[in-house]
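First comes the structure, then the notes that go with it.
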Amino acid sequence: MKSITIKGSERESVGKAATKALRNAGLVPCVLYGGKQAVHFSAEEIAFKNLVYTPNAHTVVIELGNKTYNAILQDIQVHPVSDKILHIDFFELFDDKEITMEVPVRVVGVSPGVLLGGVLRLNQRRLKVKALPKNLPDFIDADISGLEMGNKLYVTKLVATDYKLLHPDNTVVAQVRISRAAMKAAQEAAKAAKTPAKGKK
């Protein structure tokens, strides 16, 4: 999985006043969990642009002076009106410990059902996986090349290499639904088949 580097500074004070001062200065207060003790730090809001405002998933390298941590984004708080980032929680990664995170789904292949006028619906845009950090995928490919009109692609049909998919077997990832135009055409064809031709008894 691709990684993004965040450069920040450790926080000495974590009170409300200090947190407010950080935000006023254009900094985002953050906490890194998962290690022996929580690490409080801050970084410029622009540093999180490629991590937060993207459909892709990334691991994160947090650089705090001469200290470096590998992590993933665990939780984010955003202002309900301005969308300004208020706080971010990270979880530290270790090479020998499996981690759980959501990974985006990438549609591959061409569906015969779509070619016939069906509508592809992606039910799951992200799927939760569990894996060692080195085995975390950038995407989970959903191959729709076998989907006919009305068919569904279940999570059990996805190829999971070196990681586990944490979803029930009946989870529908994608499906090809019959479009209104295709349904209308089918109804008209059925109606025409039942109507006798003129001149015949």
Side-chain angles (χ1 to χ4, degrees), residues 1-8 26-35 39 41-64 67-80 82-111 114 119-147 152-168 171-176:
M1 180 174 285
K2 295 177 182 178
S3 181
I4 289 177
T5 299
I6 303 292
K7 295 183 179 181
L27 299 173
V28 177
C30 307
V31 182
L32 173 65
Y33 295 103
V39 178
F41 69 97
S42 63
E44 294 184 2
E45 187 172 8
I46 194 171
F48 302 101
K49 179 181 178 181
N50 294 330
L51 176 65
V52 176
Y53 304 109
T54 175
N56 301 326
H58 298 91
T59 55
V60 184
V61 176
I62 300 172
E63 294 184 356
L64 306 177
K67 299 178 182 177
T68 302
Y69 304 89
N70 292 315
I72 59 169
L73 190 154
Q74 187 175 47
D75 189 34
I76 182 170
Q77 295 177 22
V78 180
H79 192 281
S82 66
D83 283 339
K84 185 179 179 69
I85 301 173
L86 300 178
H87 189 275
I88 299 181
D89 289 342
F90 291 93
F91 193 83
E92 189 171 359
L93 299 178
F94 296 93
D95 292 342
D96 59 344
K97 291 184 179 180
E98 289 187 319
I99 189 73
T100 298
M101 72 177 298
E102 290 189 339
V103 176
V105 174
R106 179 173 61 183
V107 175
V108 296
V110 178
S111 163
V114 172
V119 178
L120 177 68
R121 179 181 178 187
L122 188 59
N123 298 60
Q124 304 290 333
R125 297 189 178 277
R126 301 175 79 87
L127 290 172
K128 189 175 292 185
V129 306
K130 185 176 184 180
L132 292 173
K134 66 177 182 180
N135 295 331
L136 288 170
D138 290 310
F139 301 95
I140 297 174
D141 287 337
D143 187 355
I144 62 169
S145 58
L147 292 185
K152 297 178 180 179
L153 178 66
Y154 292 94
V155 71
T156 51
K157 295 297 183 180
L158 302 184
V159 178
T161 305
D162 298 327
Y163 59 86
K164 302 172 186 174
L165 288 166
L166 304 180
H167 293 269
T171 301
V172 177
V173 178
Q175 60 182 333
V176 177

With a 4.5 Å heavy-atom cut-off, do [X] and [Y] have their side chains touching?
X    : Y    : result
F41  : Y69  : no
Y53  : I85  : yes
L127 : L165 : yes
I99  : K97  : no
I62  : K67  : no
V129 : L136 : yes
I6   : F48  : yes

If you measure from [atom1] on [X] to [atom2] on [Y], what distance do you get to the nearest 0.5 Å?
X    : Y    : atom1 : atom2 : value
E102 : R125 : CD    : CZ    : 13.5 Å
R106 : N56  : CZ    : CG    : 10.0 Å
F90  : I76  : CZ    : CD1   : 8.0 Å
T100 : K128 : OG1   : NZ    : 7.0 Å
H87  : C30  : NE2   : SG    : 6.5 Å
I72  : L32  : CD1   : CG    : 10.5 Å

Shortest non-hydrogen contact from [X] toward [Y]:
X    : Y    : value
T68  : E63  : OG1-CG, 4.3 Å
F94  : G34  : CE1-O, 3.6 Å
L122 : A174 : CD1-CB, 4.1 Å
G109 : D143 : CA-OD1, 4.0 Å
G8   : A43  : CA-CB, 4.1 Å
L158 : A142 : CD2-CA, 3.9 Å

Can you check whether [Y]'s main-chain N or O pairs, donor with acceptor, with [X]'s side chain at less than 3.5 Å?
X    : Y    : answer
S111 : L147 : yes
T171 : P168 : yes
R126 : P55  : yes
D138 : K2   : yes

M1/V103 under side-chain contact (heavy atoms from CB on, under 4.5 Å): CA gap, chis, key distance, verdict: CA-CA 10 Å; M1 180 174 285; V103 176; 4.1 Å; yes
Is it the case that over 12 heavy atoms from other parts of the model lie below 6.0 angstrom from the CD atom of E98? yes
Do T59 and N70 pass the side-chain contact (heavy atoms from CB on, under 4.5 Å) test, and can you show the C-alpha distance, the side-chain angles, and the key distance before you say yes or no? CA-CA 7 Å; T59 55; N70 292 315; over 6 Å; no
For K84, the option from E45, Q77, H79 that meets side chain to side chain donor-acceptor pair (under 3.5 Å):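 Per the side chain to side chain donor-acceptor pair (under 3.5 Å) rule, the option paired with K84 is E45, out of E45, Q77, H79.
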